[in-house]
Asks: 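One structure, as structure tokens, below. Some questions next.
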Amino acid sequence: MKRLFLLYYIYSLLAVSPMLAQEIHQHSDCLEDSINPMKEAILSEVTVQGIAGVQRLKDAASPFMVVSPKQLHNTIGTNLVDAVGHLPGLSQISTGAGISKPVIRGLGYNRVVVVDQGIRQEGQQWGDEHGLEVDEEGVHSVEVLKGPASLMYGSDAIAGVMILHPEHPLEEGTMQVKVGSQYQTNNGLYDYRVGFAGNTKGFVWNWHFLDKAAHCYKNKVDGYVPGSFFKERDIQGMLGINRGWGHSWLRFSRVSFTPGITEGELVGSDFDGKSYGIVSPFQKVLHYKAISDNAWYFGDGTLKAIIGYQQNYRREFEEEETPELAMRLHTVNYDIKYLHSLPHDWKISTGVGGMWQRNINQGEEYLIPDHHLFDIGVFATAEWQYQKWHFSGGARFDNRHLKTTSLTEEGVLRFEALSKNFTGITGSLGVVWNVTDRINLRLNAARGFRAPTVSELSSNGVHEGSIQYELGNPELKAEKSTQLDLGFDYTSHYVSLQASLFTNWIDDYIFLARLPYETDGYRTYQYREGDARLMGGEVSVDVHPINPLHFENAFSYVRGVQLDQPDEAKNLPMMPAPKWTSDIRYEFPNFAKNHCRRTFLAFGMEYNFRQNKFYAVDNTETATPSYALFNLSAGMDLHIFGHNCIELTFSCQNLFDKAYQSHLSRLKYVDTGSLTGRQGISAMGRNFCFKVSVPIDIHL
């Protein structure tokens with residue numbers, strides 16, 4: 001009966017899709033202080049990073065999701081990806097130590113490009129336990145493009161792009177001081193943050209500091225989980241000038257992240273899980289970033305130039321003194337493009353972008369070789385509006401050159417020198433039909449390209465963070481993706497609907513498969529490739545019979561198969577389970593003489609279905625049971641002195657303390673030995689979260 005009810009409920013949501021109501025309702029900064037039920041009007045004004053620059057969300061042929069500043073503030077997690085990973089079509093690969101990696105429609109790792117402060121984030125993102133190392137306090141809003149985005153972002157954007165937008169400069173003649181803090185009960189997570197921003201006579205600045213720490217988390221079956229602690233300390237700043245001719249900004253940041261490594265030892269024992277001290281094994285990551293962001297206006301055109309340097313220094317410690325594994329990655333990013341508006345509703349853009357990289361090993365152990373990489377791409381795009389039709393498309397050419405250094409240890413060749421060139425021609429063509437002011441239909445076809453990473457080609461060693469021995473495959477080819485997207489959305493006073501369906505063919509799909517033996521006592525894995533097909537979609541509905549009340553439901557599904565393979569090898573590994581989310585939210589009118597604003601109370605459920613479509617060769621994966629998580633949240637803004645306010649947020653995650661394992665969790669395959677009598681570690685149990693932020697505006 002329960003299954004029949006779920007199937008009936010999902011069937012009743014046909015022709016709807018992901019979180020559009022909430023995204024549109026809260027996205028624009030100018031709408032943050034009001035509740036507007038006219039979502040069809042808001043849809044026309046919300047803008048996203050389109051093919052030829054900024055465009056209205058209703059005119060975007062590719063599936064977009066938008067997470068507003070208020071949504072980020074009201075959603076509490078241990079890291080940024082944890083806070084947005086509940087959205088339809090999004091999942092996360094987690095390790096339990098404050099590390100999460102985004103997965104878009106079943107594709108993750110280097111297939112997702114993360115753009116932070118205008119440049120793509122580069123930090124050895126091929127590893128399971130390698131997080132984003134971005135300063136979450138510096139993220140003002142988030143856009144997620146689902147589907148191949150190689151046209152704008154080059155190789156690696158075969159799954160999509162997560163764009164992390166920093167705060168815009170304040171208005172002329174204003175300054176703002178912001179302080180805040182949060183506390184979470186399960187892992188004792190605490191942080192404090194302080195920032196100062198301003199704009200005087202076109203001279204703009206914005207800086208902030210964040211300090212965060214957490215001890216090990218716990219659940220009701222494992223107790224406190226050793227190695228799930230972490231510490232983080234970030235500083236980020238921006239200085240620049242705004243003028244009539246454009247702007248010139250200099251951004252810089254330093255992220256220091258120290259997570260533990262969960263290996264399964266001592267799980268179920270009575271160790272001190274509440275200690276904030278650093279215990280071996282652990283990682284220590286330093287990520288530095290300096291960016292020059294410039295724009296010049298020429299009539300109806302804009303020339304943009306972003307040049308950035310970032311350094312990722314990653315170390316893994318078995319003992320506290322000397323790192324076993326140490327890698328220093330230098331990256332120079334460049335992105336230069338010109339956008340121009342033409343008569344008759346045409347927009348065009350053209351540009352060049354890419355990066356230079358150098359990786360140096362500085363530890364006693366090696367997983368990947370020293371290497372150099374140079375990447376360049378040129379592109380041209382166009383948009384045209386004709387009555388109720390909006391057309392967009394473009395083409396891009398990319399070339400990536402990778403050169404690795406050989407290494408011989410004790411007369412045995414560890415890494416073979418490689419010199420590889422990968423080229424790709426990608427493109428996109430889409431159309432949106434604004435049938436009425438409330439109904440839009442979308443169709444988009446995109447071609448993506450991804451060159452294999454140095455880890456996929458050449459890795460040879462123990463990866464302590466993921467507890468496995470990894471072997472590369474120098475014969476790998478570049479992945480080529482062809483995806484079709486079909487979308488529909490409808491907005492009215494009382495209901496918002498959206499649906500997205502997709503199918504994606506990927507030639508030479510690269511994945512990690514387990515081998516039937518161990519190396520040095522570790523499970524051994526090697527990279528393989530084959531032709532694959534992924535298909536699925538997202539559906540959602542937001543019913544709001546009265547303005548303050550919202551009942552939102554969403555369902556997402558992806559199925560990934562390897563073509564022409566036997567049953568045990570047919571399913572692609574690391575495919576998320578189908579997911580259904582349901583939220584009821586009430587937004588109270590302003591009361592107490594308008595001292596209490598934007599007050600809300602929400603109750604939510606996330607149901608992850610059983611994942612029995614798994615890659616079974618040599619026990620690479622196992623099935624994952626279904627589970628349901630319930631959450632409660634509330635918040636308000638207390639306005640005490642005019643426009644100044646205290647922003648308060650409370651939530652309880654995993655309200656009923658469910659013990660569960662996500663299908664994408666690396667901890668699902670950790671061997672915990674005889675202490676618990678089972679394999680794998682469960683995720684965090686019940687967690688109460690409290691967050692406060694105090695912005696103080698100063699008008700000059």
Side-chain angles (χ1 to χ4, degrees), residues 79-81 92-95 97-103 108-116 119-135 155-157 162 230 232 253-261 281-289 308-317 323-333 355-375 400 402-405 415 450-472 510 512 525 527 666:
N79 56 72
L80 179 65
V81 177
Q92 57 178 315
I93 300 169
S94 62
T95 67
I99 299 175
S100 296
K101 300 170 67 66
V103 176
Y109 300 97
N110 280 69
R111 297 182 180 94
V112 177
V113 167
V114 176
V115 176
D116 178 43
I119 65 173
R120 54 185 290 164
Q121 177 78 7
E122 289 293 321
Q124 312 282 12
Q125 59 266 31
W126 43 265
D128 279 355
E129 81 299 352
H130 298 170
L132 293 184
E133 289 93 40
V134 298
D135 181 5
S155 176
D156 300 348
M162 179 179 289
F230 65 91
E232 183 176 349
S253 65
R254 178 186 185 272
V255 175
S256 176
F257 186 49
T258 306
I261 296 177
F282 66 95
Q283 297 184 73
K284 188 171 183 61
V285 185
L286 292 173
H287 197 100
Y288 303 92
K289 194 178 296 180
Y309 167 76
Q310 52 187 316
Q311 180 187 138
N312 185 276
Y313 186 32
R314 181 179 301 276
R315 291 166 289 174
E316 295 180 0
F317 293 82
E324 299 293 325
L325 184 70
M327 299 178 289
R328 193 183 295 270
L329 179 66
H330 303 269
T331 304
V332 176
N333 303 87
M355 63 181 176
W356 169 90
Q357 280 188 341
R358 182 188 181 192
N359 186 75
I360 306 171
N361 285 291
Q362 298 178 323
E364 298 179 356
E365 296 181 356
Y366 301 89
L367 178 58
I368 60 174
D370 294 349
H371 66 271
H372 289 81
L373 180 148
F374 182 73
D375 182 275
R400 173 170 291 185
L402 175 66
K403 184 176 182 180
T404 68
T405 303
F415 298 115
R450 186 183 79 88
T453 66
V454 66
S455 63
E456 293 168 336
L457 292 166
S458 301
S459 60
N460 184 5
V462 177
H463 199 178
E464 297 287 352
S466 54
I467 322 175
Q468 59 192 30
Y469 198 100
E470 295 181 6
L471 295 171
I510 300 170
L512 196 61
Y525 294 78
Y527 288 97
R666 180 183 64 81

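We use all heavy atoms of the structure for the numbers below, so side chains are in, but hydrogens, waters and symmetry mates are not.
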Asks: Between Gln121 and Leu132 (side chain of the first, backbone of the second, donor and acceptor by atom type, cut-off under 3.5 Å), is there such a pair?
Replies: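 Judged by distance alone, yes, a pair lies under 3.5 Å.
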Asks: What residues form a side-chain hydrogen bond (donor to acceptor under 3.5 Å, both in side chains) with Asp370, not counting sequence neighbours?
Replies: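 Scan of Asp370 (side-chain hydrogen bond (donor to acceptor under 3.5 Å, both in side chains), adjacent residues dropped) gives Asn361.
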Asks: So, Arg450 side chain and Asn110 main chain: donor-acceptor pair closer than 3.5 Å or not?
Replies: no
Asks: Just one of Gln124, Gln125, His287, Arg314 clears the side-chain hydrogen bond (donor to acceptor under 3.5 Å, both in side chains) bar with Glu133, so which one?
Replies: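 Only one of Gln124, Gln125, His287, Arg314 forms a side-chain hydrogen bond (donor to acceptor under 3.5 Å, both in side chains) with Glu133, namely Arg314.
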Asks: Could you tell me whether a side-chain N or O of Ser459 sits under 3.5 Å from a main-chain N or O of Gly472, the two making a donor and an acceptor?
Replies: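 Indeed, once roles are kept as given, a pair shorter than 3.5 Å links the two residues.
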Asks: Does Gln311 have any side-chain hydrogen bond (donor to acceptor under 3.5 Å, both in side chains) partners at least two apart in sequence or in another chain, and if so, which?
Replies: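 If we apply the side-chain hydrogen bond (donor to acceptor under 3.5 Å, both in side chains) test to Gln311, skipping adjacent residues, the hits are Tyr309, Arg328.
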Asks: Run the side-chain hydrogen bond (donor to acceptor under 3.5 Å, both in side chains) test against Arg400 and tell me which residues pass, sequence neighbours left out.
Replies: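 For Arg400 the side-chain hydrogen bond (donor to acceptor under 3.5 Å, both in side chains) partners, ignoring immediate neighbours, are Asp375.
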Asks: Could I get the full list of salt bridge (Lys or Arg N to Asp or Glu O under 4.0 Å) partners for Glu122, not counting sequence neighbours?
Replies: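 Salt bridge (Lys or Arg N to Asp or Glu O under 4.0 Å) check on Glu122 returns Arg120.
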Asks: Starting from the C-alpha separation in whole Å, work towards a yes-or-no answer on side chain to side chain contact (heavy atoms under 4.5 Å, CB included) for Phe317 and Lys284.
Replies: CA-CA 8 Å; Phe317 293 82; Lys284 188 171 183 61; 3.9 Å; yes
Asks: Using the ring of each side chain (for Trp, its six-membered ring), is Tyr366 parallel, tilted or perpendicular to Phe415, with breaks at 30° and 60°?
Replies: perpendicular
Asks: With rounding to the nearest 0.5 Å, note down the distance linking CG in Asp135 to NZ in Lys289.
Replies: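 Output value for this atom pair is 9.5 Å.
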Asks: Name all residues meeting the ring pair (Phe, Tyr, Trp, His ring centres under 6.0 Å) criterion together with His330; count only those two or more places apart in sequence or in a different chain, and write none if there are none.
Replies: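 Expected list: none.
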Asks: Can you name the residues that form a salt bridge (Lys or Arg N to Asp or Glu O under 4.0 Å) with Lys101, not counting sequence neighbours?
Replies: none
